[in-house]
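Here is the structure we will look at, set down as C-alpha coordinates.
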2 protein chains.
Amino acid sequence: MDDTLFFEATQAEPLDGHVHSRAERRDLQAQRILDAAKTCFVRSGFQGTSMQQICSEASMSPGALYRYFPSKESLIEAICEVNRRQDAETFAAMENCSNVVDGVVNCAIDHLRFTHDNGNAPIFAEIATESLRNESIRAIGDNCMVDVRHKFHDYLRGALERGEIDPVVELEALLPMILAIGQGLAIADLPNQGVSFDKVETMLRAATVAMLRPVDARDTAGN
Amino acid sequence: MDDTLFFEATQAEPLDGHVHSRAERRDLQAQRILDAAKTCFVRSGFQGTSMQQICSEASMSPGALYRYFPSKESLIEAICEVNRRQDAETFAAMENCSNVVDGVVNCAIDHLRFTHDNGNAPIFAEIATESLRNESIRAIGDNCMVDVRHKFHDYLRGALERGEIDPVVELEALLPMILAIGQGLAIADLPNQGVSFDKVETMLRAATVAMLRPVDARDTAGN
DNA sequence: TCCTTGAAAGCGAACATTCGTTCTCAAAGT
DNA sequence: ACTTTGAGAACGAATGTTCGCTTTCAAGGA
(Lines give C-alpha, C1' and ligand atoms only; values in the text may rest on other atoms or scores of the structure.)
Protein backbone atom coordinates (compact mmCIF):
# COMPACT_ATOMS: atom_id res chain seq x y z
CA MET A 1 0.00 0.00 0.00
CA ASP A 2 3.01 2.24 0.52
CA ASP A 3 5.15 1.64 -2.51
CA THR A 4 3.74 1.69 -5.98
CA LEU A 5 6.78 0.24 -7.67
CA PHE A 6 8.46 -2.77 -6.21
CA PHE A 7 11.16 -3.32 -8.77
CA GLU A 8 13.20 -0.64 -10.37
CA ALA A 9 15.66 -0.98 -13.22
CA THR A 10 17.93 -2.94 -10.87
CA GLN A 11 21.22 -2.73 -12.81
CA ALA A 12 22.16 -0.73 -15.86
CA GLU A 13 23.89 -3.36 -17.99
CA PRO A 14 24.85 -7.01 -17.91
CA LEU A 15 28.56 -6.24 -17.73
CA ASP A 16 29.79 -9.06 -19.94
CA GLY A 17 29.85 -12.83 -20.11
CA HIS A 18 27.32 -13.81 -17.45
CA VAL A 19 24.06 -14.78 -19.05
CA HIS A 20 22.21 -14.34 -15.77
CA SER A 21 23.31 -11.71 -13.39
CA ARG A 22 21.67 -11.78 -10.01
CA ALA A 23 19.51 -8.79 -10.85
CA GLU A 24 18.53 -10.23 -14.21
CA ARG A 25 17.42 -13.43 -12.61
CA ARG A 26 15.40 -11.48 -10.08
CA ASP A 27 13.58 -9.59 -12.82
CA LEU A 28 12.99 -12.81 -14.69
CA GLN A 29 11.45 -14.46 -11.65
CA ALA A 30 9.29 -11.45 -10.90
CA GLN A 31 8.00 -11.55 -14.45
CA ARG A 32 7.33 -15.26 -14.13
CA ILE A 33 5.20 -14.57 -11.07
CA LEU A 34 3.29 -11.79 -12.81
CA ASP A 35 2.58 -14.01 -15.80
CA ALA A 36 1.32 -16.76 -13.53
CA ALA A 37 -0.81 -14.31 -11.58
CA LYS A 38 -2.32 -12.91 -14.75
CA THR A 39 -3.16 -16.38 -15.97
CA CYS A 40 -4.87 -17.18 -12.69
CA PHE A 41 -6.73 -13.86 -12.52
CA VAL A 42 -8.06 -14.40 -16.03
CA ARG A 43 -9.19 -17.86 -15.06
CA SER A 44 -10.75 -17.14 -11.67
CA GLY A 45 -10.73 -13.42 -11.05
CA PHE A 46 -8.68 -11.56 -8.50
CA GLN A 47 -10.64 -12.41 -5.41
CA GLY A 48 -11.28 -15.92 -6.66
CA THR A 49 -7.60 -16.74 -7.04
CA SER A 50 -5.61 -18.04 -4.09
CA MET A 51 -1.94 -17.45 -3.56
CA GLN A 52 -1.44 -21.21 -3.64
CA GLN A 53 -2.84 -21.31 -7.16
CA ILE A 54 -0.46 -18.60 -8.28
CA CYS A 55 2.39 -20.48 -6.62
CA SER A 56 1.45 -23.66 -8.47
CA GLU A 57 1.14 -21.81 -11.77
CA ALA A 58 4.56 -20.28 -11.24
CA SER A 59 6.07 -23.52 -9.88
CA MET A 60 7.21 -21.70 -6.81
CA SER A 61 6.70 -21.95 -3.08
CA PRO A 62 4.77 -19.29 -1.14
CA GLY A 63 7.89 -18.33 0.75
CA ALA A 64 9.73 -17.68 -2.50
CA LEU A 65 6.88 -15.72 -4.03
CA TYR A 66 6.57 -13.45 -1.03
CA ARG A 67 10.21 -12.54 -1.47
CA TYR A 68 9.20 -10.76 -4.68
CA PHE A 69 5.80 -9.32 -3.88
CA PRO A 70 4.75 -8.30 -0.39
CA SER A 71 1.07 -9.10 -0.79
CA LYS A 72 -1.61 -10.39 -3.08
CA GLU A 73 -2.78 -6.87 -3.73
CA SER A 74 0.65 -5.81 -4.92
CA LEU A 75 0.30 -8.39 -7.69
CA ILE A 76 -2.74 -6.76 -9.28
CA GLU A 77 -1.22 -3.38 -8.74
CA ALA A 78 1.81 -4.47 -10.73
CA ILE A 79 -0.35 -5.96 -13.49
CA CYS A 80 -2.44 -2.80 -13.68
CA GLU A 81 0.72 -0.79 -13.90
CA VAL A 82 1.89 -2.76 -16.94
CA ASN A 83 -1.45 -2.27 -18.64
CA ARG A 84 -1.34 1.39 -17.78
CA ARG A 85 1.97 1.79 -19.53
CA GLN A 86 0.68 -0.05 -22.59
CA ASP A 87 -2.37 2.20 -22.74
CA ALA A 88 -0.24 5.30 -22.49
CA GLU A 89 1.87 4.11 -25.42
CA THR A 90 -1.17 3.34 -27.53
CA PHE A 91 -2.65 6.73 -26.89
CA ALA A 92 0.62 8.46 -27.57
CA ALA A 93 0.80 6.91 -31.05
CA MET A 94 -2.40 8.77 -31.84
CA GLU A 95 -0.54 12.01 -32.30
CA ASN A 96 1.26 10.76 -35.40
CA CYS A 97 -1.93 10.61 -37.45
CA SER A 98 -2.70 13.37 -39.89
CA ASN A 99 -6.40 13.81 -39.13
CA VAL A 100 -8.49 13.41 -36.00
CA VAL A 101 -10.73 10.63 -37.17
CA ASP A 102 -7.80 8.47 -38.18
CA GLY A 103 -6.09 9.28 -34.92
CA VAL A 104 -9.03 8.24 -32.79
CA VAL A 105 -10.01 5.22 -34.87
CA ASN A 106 -6.49 3.88 -35.30
CA CYS A 107 -5.83 4.35 -31.64
CA ALA A 108 -8.99 2.46 -30.73
CA ILE A 109 -8.34 -0.34 -33.16
CA ASP A 110 -4.76 -0.71 -31.94
CA HIS A 111 -6.14 -0.96 -28.45
CA LEU A 112 -8.68 -3.60 -29.46
CA ARG A 113 -6.12 -5.57 -31.43
CA PHE A 114 -3.68 -5.58 -28.55
CA THR A 115 -6.41 -6.63 -26.14
CA HIS A 116 -7.57 -9.43 -28.44
CA ASP A 117 -4.14 -10.75 -29.36
CA ASN A 118 -3.01 -11.02 -25.76
CA GLY A 119 -6.29 -12.43 -24.48
CA ASN A 120 -6.53 -9.41 -22.23
CA ALA A 121 -10.27 -8.88 -22.42
CA PRO A 122 -11.08 -10.81 -19.23
CA ILE A 123 -8.41 -9.08 -17.21
CA PHE A 124 -9.55 -5.71 -18.53
CA ALA A 125 -13.03 -6.50 -17.30
CA GLU A 126 -11.54 -7.64 -14.02
CA ILE A 127 -9.56 -4.46 -13.58
CA ALA A 128 -12.46 -2.24 -14.59
CA THR A 129 -14.70 -3.97 -12.06
CA GLU A 130 -12.12 -4.04 -9.31
CA SER A 131 -11.42 -0.36 -9.89
CA LEU A 132 -14.96 0.43 -8.86
CA ARG A 133 -14.22 -0.66 -5.32
CA ASN A 134 -10.50 -1.23 -4.71
CA GLU A 135 -8.97 2.07 -3.81
CA SER A 136 -5.35 1.38 -4.69
CA ILE A 137 -6.31 -0.03 -8.09
CA ARG A 138 -8.61 2.84 -8.81
CA ALA A 139 -5.72 5.15 -8.01
CA ILE A 140 -3.60 3.50 -10.69
CA GLY A 141 -6.42 3.66 -13.19
CA ASP A 142 -7.17 7.26 -12.37
CA ASN A 143 -3.53 8.18 -12.73
CA CYS A 144 -3.60 6.60 -16.15
CA MET A 145 -6.85 8.30 -17.02
CA VAL A 146 -5.50 11.67 -16.06
CA ASP A 147 -2.65 11.18 -18.50
CA VAL A 148 -4.85 9.83 -21.24
CA ARG A 149 -7.48 12.48 -20.74
CA HIS A 150 -4.91 15.21 -21.00
CA LYS A 151 -3.29 13.79 -24.12
CA PHE A 152 -6.63 13.10 -25.70
CA HIS A 153 -8.04 16.43 -24.67
CA ASP A 154 -5.10 18.38 -26.07
CA TYR A 155 -5.20 16.36 -29.24
CA LEU A 156 -8.89 16.95 -29.80
CA ARG A 157 -8.63 20.61 -28.91
CA GLY A 158 -5.90 21.03 -31.50
CA ALA A 159 -8.05 19.37 -34.12
CA LEU A 160 -10.98 21.52 -33.09
CA GLU A 161 -8.96 24.68 -33.53
CA ARG A 162 -7.83 23.46 -36.93
CA GLY A 163 -11.47 23.14 -37.92
CA GLU A 164 -11.45 19.37 -38.17
CA ILE A 165 -14.09 19.10 -35.50
CA ASP A 166 -17.41 20.87 -35.48
CA PRO A 167 -17.13 23.63 -32.85
CA VAL A 168 -20.45 22.53 -31.42
CA VAL A 169 -18.77 19.42 -29.99
CA GLU A 170 -18.13 19.55 -26.27
CA LEU A 171 -14.90 17.79 -25.52
CA GLU A 172 -15.86 17.26 -21.89
CA ALA A 173 -18.73 15.04 -22.99
CA LEU A 174 -17.09 13.52 -26.04
CA LEU A 175 -14.03 12.30 -24.24
CA PRO A 176 -15.74 10.08 -21.63
CA MET A 177 -18.07 8.87 -24.35
CA ILE A 178 -15.21 7.70 -26.55
CA LEU A 179 -13.38 6.11 -23.64
CA ALA A 180 -16.53 4.30 -22.52
CA ILE A 181 -17.14 2.96 -26.01
CA GLY A 182 -13.51 1.90 -26.29
CA GLN A 183 -13.70 0.05 -23.02
CA GLY A 184 -16.95 -1.63 -23.98
CA LEU A 185 -15.49 -2.81 -27.26
CA ALA A 186 -12.30 -4.02 -25.61
CA ILE A 187 -14.17 -6.08 -23.05
CA ALA A 188 -16.67 -7.46 -25.56
CA ASP A 189 -13.78 -8.53 -27.82
CA LEU A 190 -15.89 -8.71 -30.98
CA PRO A 191 -13.29 -10.57 -33.06
CA ASN A 192 -13.78 -13.38 -30.58
CA GLN A 193 -17.45 -13.41 -31.61
CA GLY A 194 -16.69 -13.69 -35.30
CA VAL A 195 -16.76 -9.99 -36.18
CA SER A 196 -13.60 -9.01 -38.01
CA PHE A 197 -11.46 -6.04 -37.10
CA ASP A 198 -12.23 -4.52 -40.48
CA LYS A 199 -15.94 -4.46 -39.81
CA VAL A 200 -15.43 -3.05 -36.35
CA GLU A 201 -13.21 -0.37 -37.81
CA THR A 202 -15.75 0.53 -40.47
CA MET A 203 -18.53 0.96 -37.94
CA LEU A 204 -16.31 2.70 -35.46
CA ARG A 205 -15.11 5.14 -38.11
CA ALA A 206 -18.68 5.95 -39.10
CA ALA A 207 -19.63 6.51 -35.47
CA THR A 208 -16.54 8.62 -34.82
CA VAL A 209 -17.16 10.83 -37.83
CA ALA A 210 -20.73 11.30 -36.70
CA MET A 211 -19.79 12.23 -33.15
CA LEU A 212 -17.04 14.63 -34.13
CA ARG A 213 -19.36 16.46 -36.56
CA PRO A 214 -22.73 15.99 -34.90
CA VAL A 215 -24.53 18.79 -36.78
CA ASP A 216 -23.69 17.40 -40.22
CA ALA A 217 -24.57 13.94 -39.11
CA ARG A 218 -27.89 14.86 -37.56
CA ASP A 219 -29.45 16.99 -40.28
CA THR A 220 -30.13 13.88 -42.39
CA ALA A 221 -31.41 11.81 -39.48
CA GLY A 222 -34.93 10.48 -39.48
CA ASN A 223 -35.77 12.12 -36.17
CA MET B 1 -26.49 -25.53 -9.40
CA ASP B 2 -29.52 -27.70 -10.08
CA ASP B 3 -32.46 -25.34 -9.78
CA THR B 4 -32.46 -22.03 -11.53
CA LEU B 5 -35.49 -20.65 -9.75
CA PHE B 6 -35.76 -20.97 -6.01
CA PHE B 7 -38.95 -19.06 -5.42
CA GLU B 8 -41.99 -19.28 -7.55
CA ALA B 9 -45.19 -17.32 -7.25
CA THR B 10 -45.82 -19.11 -3.94
CA GLN B 11 -49.56 -18.45 -3.52
CA ALA B 12 -52.10 -16.95 -5.86
CA GLU B 13 -53.90 -14.52 -3.55
CA PRO B 14 -53.90 -13.32 0.06
CA LEU B 15 -57.29 -14.83 0.80
CA ASP B 16 -58.63 -12.09 3.08
CA GLY B 17 -57.92 -10.42 6.41
CA HIS B 18 -54.34 -11.41 7.16
CA VAL B 19 -51.94 -8.67 6.21
CA HIS B 20 -49.07 -11.15 6.14
CA SER B 21 -49.79 -14.61 4.93
CA ARG B 22 -47.08 -17.14 5.46
CA ALA B 23 -46.11 -17.05 1.83
CA GLU B 24 -46.14 -13.27 1.70
CA ARG B 25 -43.81 -13.03 4.63
CA ARG B 26 -41.51 -15.55 3.04
CA ASP B 27 -41.32 -13.51 -0.16
CA LEU B 28 -40.69 -10.38 1.85
CA GLN B 29 -37.81 -11.95 3.71
CA ALA B 30 -36.33 -13.35 0.53
CA GLN B 31 -36.44 -9.91 -1.02
CA ARG B 32 -34.80 -8.42 2.04
CA ILE B 33 -31.95 -10.89 1.65
CA LEU B 34 -31.59 -10.13 -2.03
CA ASP B 35 -31.46 -6.40 -1.37
CA ALA B 36 -28.80 -6.91 1.28
CA ALA B 37 -26.82 -9.18 -1.01
CA LYS B 38 -26.97 -6.69 -3.84
CA THR B 39 -25.76 -3.91 -1.56
CA CYS B 40 -22.84 -6.03 -0.46
CA PHE B 41 -21.97 -7.22 -3.96
CA VAL B 42 -21.93 -3.61 -5.18
CA ARG B 43 -19.66 -2.70 -2.30
CA SER B 44 -17.21 -5.59 -2.41
CA GLY B 45 -17.95 -7.77 -5.40
CA PHE B 46 -19.30 -11.28 -5.38
CA GLN B 47 -16.20 -13.14 -4.36
CA GLY B 48 -15.23 -10.37 -1.99
CA THR B 49 -18.46 -10.53 -0.03
CA SER B 50 -18.84 -12.99 2.81
CA MET B 51 -22.10 -14.55 3.89
CA GLN B 52 -21.58 -12.97 7.30
CA GLN B 53 -21.60 -9.53 5.71
CA ILE B 54 -24.83 -10.28 3.91
CA CYS B 55 -26.31 -11.57 7.16
CA SER B 56 -25.33 -8.38 8.95
CA GLU B 57 -26.70 -6.23 6.15
CA ALA B 58 -29.97 -8.14 6.30
CA SER B 59 -29.99 -8.28 10.12
CA MET B 60 -30.40 -12.00 9.99
CA SER B 61 -28.53 -15.04 11.22
CA PRO B 62 -26.80 -17.46 8.86
CA GLY B 63 -29.20 -20.20 9.87
CA ALA B 64 -32.15 -18.05 8.88
CA LEU B 65 -30.61 -16.92 5.62
CA TYR B 66 -29.83 -20.44 4.53
CA ARG B 67 -33.47 -21.28 4.98
CA TYR B 68 -34.21 -19.01 2.00
CA PHE B 69 -31.22 -19.53 -0.27
CA PRO B 70 -29.30 -22.77 -0.40
CA SER B 71 -25.95 -21.23 -1.26
CA LYS B 72 -24.04 -18.07 -1.93
CA GLU B 73 -24.13 -18.77 -5.62
CA SER B 74 -27.91 -18.97 -5.63
CA LEU B 75 -27.94 -15.36 -4.46
CA ILE B 76 -26.19 -13.99 -7.52
CA GLU B 77 -28.20 -16.26 -9.72
CA ALA B 78 -31.37 -14.73 -8.30
CA ILE B 79 -30.02 -11.20 -8.72
CA CYS B 80 -28.98 -11.91 -12.29
CA GLU B 81 -32.42 -13.28 -12.98
CA VAL B 82 -34.03 -10.02 -11.84
CA ASN B 83 -31.69 -8.03 -14.08
CA ARG B 84 -32.41 -10.40 -16.93
CA ARG B 85 -36.12 -9.72 -16.64
CA GLN B 86 -35.54 -5.97 -16.51
CA ASP B 87 -33.36 -6.11 -19.60
CA ALA B 88 -35.95 -8.09 -21.47
CA GLU B 89 -38.60 -5.48 -20.64
CA THR B 90 -36.38 -2.61 -21.73
CA PHE B 91 -35.63 -4.26 -25.02
CA ALA B 92 -39.26 -5.16 -25.59
CA ALA B 93 -40.27 -1.49 -25.31
CA MET B 94 -38.12 -0.85 -28.35
CA GLU B 95 -40.74 -2.29 -30.66
CA ASN B 96 -43.19 0.52 -29.90
CA CYS B 97 -41.02 3.14 -31.57
CA SER B 98 -41.87 4.35 -35.06
CA ASN B 99 -38.36 4.37 -36.53
CA VAL B 100 -35.26 2.31 -35.95
CA VAL B 101 -32.97 5.02 -34.72
CA ASP B 102 -35.44 6.09 -32.05
CA GLY B 103 -36.00 2.48 -31.12
CA VAL B 104 -32.32 1.74 -30.62
CA VAL B 105 -31.46 5.06 -28.99
CA ASN B 106 -34.46 5.15 -26.66
CA CYS B 107 -33.85 1.60 -25.67
CA ALA B 108 -30.21 2.32 -24.90
CA ILE B 109 -31.00 5.48 -22.95
CA ASP B 110 -33.68 3.69 -20.95
CA HIS B 111 -31.13 1.07 -20.12
CA LEU B 112 -28.56 3.65 -19.07
CA ARG B 113 -31.08 5.57 -17.04
CA PHE B 114 -32.24 2.48 -15.23
CA THR B 115 -28.67 1.47 -14.55
CA HIS B 116 -27.76 4.91 -13.26
CA ASP B 117 -30.86 5.48 -11.13
CA ASN B 118 -30.52 2.17 -9.34
CA GLY B 119 -26.77 2.41 -8.88
CA ASN B 120 -26.52 -0.76 -10.90
CA ALA B 121 -23.33 0.03 -12.80
CA PRO B 122 -21.00 -1.82 -10.42
CA ILE B 123 -23.18 -4.88 -10.28
CA PHE B 124 -23.48 -4.88 -14.05
CA ALA B 125 -19.72 -4.84 -14.30
CA GLU B 126 -19.58 -7.56 -11.67
CA ILE B 127 -22.02 -9.76 -13.54
CA ALA B 128 -20.34 -9.16 -16.88
CA THR B 129 -16.97 -10.08 -15.41
CA GLU B 130 -18.24 -13.02 -13.43
CA SER B 131 -20.02 -14.31 -16.53
CA LEU B 132 -16.64 -14.75 -18.17
CA ARG B 133 -15.80 -17.53 -15.76
CA ASN B 134 -18.75 -18.62 -13.61
CA GLU B 135 -20.66 -21.20 -15.54
CA SER B 136 -24.06 -20.90 -13.92
CA ILE B 137 -24.04 -17.12 -14.20
CA ARG B 138 -22.93 -17.23 -17.78
CA ALA B 139 -25.86 -19.54 -18.43
CA ILE B 140 -28.29 -16.91 -17.17
CA GLY B 141 -26.54 -14.17 -19.06
CA ASP B 142 -26.46 -16.19 -22.25
CA ASN B 143 -30.13 -16.99 -21.89
CA CYS B 144 -30.81 -13.30 -21.61
CA MET B 145 -28.55 -12.49 -24.53
CA VAL B 146 -30.20 -15.06 -26.72
CA ASP B 147 -33.56 -13.41 -26.07
CA VAL B 148 -32.21 -9.92 -26.57
CA ARG B 149 -30.28 -10.84 -29.67
CA HIS B 150 -33.31 -12.42 -31.24
CA LYS B 151 -35.60 -9.51 -30.45
CA PHE B 152 -33.03 -7.01 -31.57
CA HIS B 153 -32.15 -8.97 -34.65
CA ASP B 154 -35.78 -9.31 -35.73
CA TYR B 155 -36.39 -5.67 -35.05
CA LEU B 156 -33.42 -4.53 -37.10
CA ARG B 157 -34.22 -6.95 -39.92
CA GLY B 158 -37.73 -5.53 -40.10
CA ALA B 159 -36.38 -2.02 -40.33
CA LEU B 160 -33.89 -3.11 -42.95
CA GLU B 161 -36.65 -4.60 -45.08
CA ARG B 162 -38.63 -1.40 -44.71
CA GLY B 163 -35.67 0.48 -46.14
CA GLU B 164 -34.86 2.31 -42.92
CA ILE B 165 -31.44 0.79 -42.81
CA ASP B 166 -28.91 0.87 -45.59
CA PRO B 167 -28.87 -2.65 -47.07
CA VAL B 168 -25.10 -2.60 -46.93
CA VAL B 169 -25.29 -2.99 -43.16
CA GLU B 170 -24.53 -6.46 -41.86
CA LEU B 171 -26.70 -7.16 -38.87
CA GLU B 172 -24.37 -9.90 -37.63
CA ALA B 173 -21.67 -7.29 -37.11
CA LEU B 174 -23.89 -4.39 -36.13
CA LEU B 175 -25.69 -6.23 -33.38
CA PRO B 176 -22.67 -7.17 -31.24
CA MET B 177 -21.28 -3.70 -31.86
CA ILE B 178 -24.37 -2.01 -30.48
CA LEU B 179 -24.57 -4.35 -27.51
CA ALA B 180 -20.89 -3.80 -26.72
CA ILE B 181 -21.29 -0.04 -26.85
CA GLY B 182 -24.38 -0.26 -24.68
CA GLN B 183 -22.56 -2.31 -22.11
CA GLY B 184 -19.58 0.02 -22.12
CA LEU B 185 -21.81 3.03 -21.57
CA ALA B 186 -23.77 1.29 -18.83
CA ILE B 187 -20.64 0.37 -16.90
CA ALA B 188 -18.99 3.75 -17.40
CA ASP B 189 -22.14 5.48 -16.11
CA LEU B 190 -21.34 8.83 -17.71
CA PRO B 191 -24.00 10.79 -15.79
CA ASN B 192 -21.97 9.90 -12.73
CA GLN B 193 -19.03 11.73 -14.36
CA GLY B 194 -20.99 14.87 -14.99
CA VAL B 195 -22.14 14.13 -18.53
CA SER B 196 -25.88 14.57 -18.81
CA PHE B 197 -28.20 12.02 -20.35
CA ASP B 198 -29.11 14.56 -23.01
CA LYS B 199 -25.56 14.84 -24.21
CA VAL B 200 -25.11 11.10 -24.18
CA GLU B 201 -28.29 10.74 -26.18
CA THR B 202 -27.18 13.32 -28.73
CA MET B 203 -23.89 11.60 -29.33
CA LEU B 204 -25.41 8.16 -29.27
CA ARG B 205 -28.04 9.17 -31.81
CA ALA B 206 -25.40 10.56 -34.12
CA ALA B 207 -23.36 7.38 -33.82
CA THR B 208 -26.41 5.19 -34.34
CA VAL B 209 -27.50 7.07 -37.44
CA ALA B 210 -24.00 6.74 -38.83
CA MET B 211 -23.78 3.01 -38.18
CA LEU B 212 -27.21 2.22 -39.57
CA ARG B 213 -26.49 4.15 -42.79
CA PRO B 214 -22.77 3.78 -43.12
CA VAL B 215 -22.51 4.70 -46.81
CA ASP B 216 -24.17 8.09 -46.33
CA ALA B 217 -22.09 8.76 -43.27
CA ARG B 218 -18.79 7.79 -44.82
CA ASP B 219 -18.90 9.64 -48.14
CA THR B 220 -18.17 12.90 -46.34
CA ALA B 221 -15.48 11.48 -44.09
CA GLY B 222 -11.95 12.76 -44.24
CA ASN B 223 -10.51 9.31 -44.78
C1' DT C 1 42.23 -23.63 -8.66
C1' DC C 2 40.05 -24.51 -4.59
C1' DC C 3 37.93 -23.26 -0.31
C1' DT C 4 35.49 -20.15 2.55
C1' DT C 5 31.87 -17.09 3.34
C1' DG C 6 27.66 -14.50 3.51
C1' DA C 7 23.84 -12.97 1.47
C1' DA C 8 20.03 -14.05 -1.56
C1' DA C 9 16.67 -17.48 -2.95
C1' DG C 10 13.79 -21.11 -2.05
C1' DC C 11 11.06 -24.50 0.42
C1' DG C 12 7.06 -26.12 2.82
C1' DA C 13 5.03 -26.69 7.28
C1' DA C 14 2.55 -23.81 10.38
C1' DC C 15 0.08 -19.53 11.69
C1' DA C 16 -4.18 -17.23 12.92
C1' DT C 17 -8.17 -16.01 10.69
C1' DT C 18 -12.07 -16.30 7.88
C1' DC C 19 -14.77 -18.82 4.70
C1' DG C 20 -19.39 -21.10 3.32
C1' DT C 21 -22.25 -24.09 5.40
C1' DT C 22 -24.62 -27.13 8.90
C1' DC C 23 -26.44 -28.32 13.36
C1' DT C 24 -28.97 -27.90 17.51
C1' DC C 25 -32.38 -26.19 19.91
C1' DA C 26 -35.64 -22.71 21.41
C1' DA C 27 -39.54 -19.49 20.11
C1' DA C 28 -43.51 -18.39 17.36
C1' DG C 29 -47.28 -19.31 14.49
C1' DT C 30 -51.27 -22.05 13.15
C1' DA D 1 -49.58 -31.00 18.51
C1' DC D 2 -47.14 -29.75 14.76
C1' DT D 3 -44.77 -26.99 11.46
C1' DT D 4 -42.13 -22.99 10.30
C1' DT D 5 -38.68 -19.68 11.56
C1' DG D 6 -34.80 -18.03 13.77
C1' DA D 7 -30.55 -17.54 16.45
C1' DG D 8 -26.02 -18.61 17.11
C1' DA D 9 -22.50 -21.91 18.14
C1' DA D 10 -19.82 -25.03 15.61
C1' DC D 11 -17.64 -27.37 11.55
C1' DG D 12 -13.93 -28.50 8.45
C1' DA D 13 -11.76 -26.50 4.67
C1' DA D 14 -9.28 -22.82 2.78
C1' DT D 15 -7.45 -18.20 3.12
C1' DG D 16 -3.18 -14.85 2.98
C1' DT D 17 0.96 -14.61 5.24
C1' DT D 18 5.09 -15.84 8.13
C1' DC D 19 8.86 -18.45 9.96
C1' DG D 20 12.73 -21.43 10.42
C1' DC D 21 15.37 -23.92 7.80
C1' DT D 22 18.17 -25.46 3.72
C1' DT D 23 20.22 -24.68 -0.80
C1' DT D 24 22.45 -21.93 -4.23
C1' DC D 25 26.07 -19.23 -5.88
C1' DA D 26 28.96 -15.21 -6.87
C1' DA D 27 32.86 -12.92 -4.63
C1' DG D 28 37.34 -12.86 -2.04
C1' DG D 29 41.37 -15.00 -0.10
C1' DA D 30 44.78 -18.65 -0.37
Side-chain angles (χ1 to χ4, degrees), chain A residues 1-2 6-8 10-11 13-33 36-37 40-41 44-78 130 134 136, chain B residues 1-2 6-7 10-11 14-33 36-37 40-41 43-78 130 134 136-137:
Chain A
M1 203 72 87
D2 298 322
F6 302 100
F7 295 97
E8 282 301 337
T10 60
Q11 211 89 332
E13 304 153 71
L15 287 174
D16 58 329
H18 293 103
V19 185
H20 294 303
S21 79
R22 208 106 199 198
E24 273 176 323
R25 177 170 171 77
R26 188 173 176 81
D27 283 358
L28 235 57
Q29 290 286 71
Q31 190 54 55
R32 189 152 70 96
I33 294 172
C40 290
F41 292 159
S44 318
F46 169 58
Q47 312 244 37
T49 296
S50 73
M51 290 304 262
Q52 296 289 347
Q53 290 170 334
I54 299 176
C55 288
S56 298
E57 184 72 32
S59 305
M60 191 177 281
S61 68
L65 193 152
Y66 270 86
R67 238 167 234 289
Y68 292 85
F69 293 91
S71 68
K72 189 183 180 186
E73 195 157 83
S74 69
L75 285 172
I76 2 159
E77 288 178 10
E130 194 69 17
N134 186 321
S136 62
Chain B
M1 205 70 88
D2 298 322
F6 302 101
F7 296 97
T10 62
Q11 211 89 334
L15 286 174
D16 59 328
H18 293 100
V19 184
H20 293 303
S21 79
R22 210 107 197 200
E24 272 177 323
R25 176 172 171 76
R26 190 173 174 81
D27 284 359
L28 235 56
Q29 290 285 70
Q31 190 55 55
R32 189 152 70 97
I33 294 172
C40 290
F41 291 160
R43 187 192 301 136
S44 319
F46 170 58
Q47 311 244 38
T49 295
S50 73
M51 290 304 262
Q52 296 289 347
Q53 290 170 333
I54 299 176
C55 288
S56 297
E57 184 73 31
S59 305
M60 191 176 279
S61 67
L65 193 152
Y66 269 86
R67 207 169 270 285
Y68 292 85
F69 293 91
S71 68
K72 189 183 180 185
E73 197 158 83
S74 69
L75 285 172
I76 2 161
E77 288 177 11
E130 194 69 18
N134 186 319
S136 62
I137 292 187

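By convention in this document, chain letters (A, B, ...) are assigned in the order of the sequence lines, proteins followed by strands, and residues within each chain are numbered from 1. Heavy atoms only: backbone and side chains are in, while hydrogens, waters and symmetry mates are out.
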Under the side chain to side chain donor-acceptor pair (under 3.5 Å) test, residues paired with Gln52(B) that sit two or more places apart: none
Protein-proximity profile, nucleotides 14-27 of chain C, B/S/- by nucleotide at the 4.0 Å heavy-atom cutoff, equals -----SSBBB----
With Ser44(B), which residues qualify under side-chain contact (heavy atoms from CB on, under 4.5 Å), at least two apart? Thr49(B)
Would you say the side chain of Leu75(A) lies within less than 4.5 Å of the side chain of Phe46(A), judging by non-hydrogen atoms? no
For the residue pair Met51(B) and Pro62(B), establish whether any side-chain heavy-atom pair is separated by less than 4.5 Å. no
Please give, in whole Å, the distance from dG8(D) C1' to Leu65(B) CG? 14 Å
Between Arg32(A) (CZ) and dA9(C) (C1'), how many Å, whole number? 12 Å
Quick one: Phe69(B) CZ to dT5(D) P, roughly how many Å, whole number? 13 Å
Sequence neighbours left out, what passes side-chain contact (heavy atoms from CB on, under 4.5 Å) with Gln29(A)? Give chain and number order. Arg25(A), Arg32(A), Met60(A), Tyr68(A)
Atom pair distance, as rounded to whole Å: CD1 in Ile33(B) and P in dT5(D): 11 Å
Residues in side chain to side chain donor-acceptor pair (under 3.5 Å) contact with Glu57(B), at least two apart in sequence or another chain: Arg43(B)
Tell me whether the OP1 or OP2 atom of dG6(D) has a side-chain N or O from Arg25(B) closer than 4.0 Å. yes
Glu24(B) has an atom CD; how far is it from atom C1' of dT5(D), in whole Å? 17 Å
If you check the Ala64(B) side chain, which of dC11(C), dG6(D), dT5(D) turns out closest? dG6(D)
d(CG, Leu75(A); C1', dT17(D)) in whole Å: 13 Å
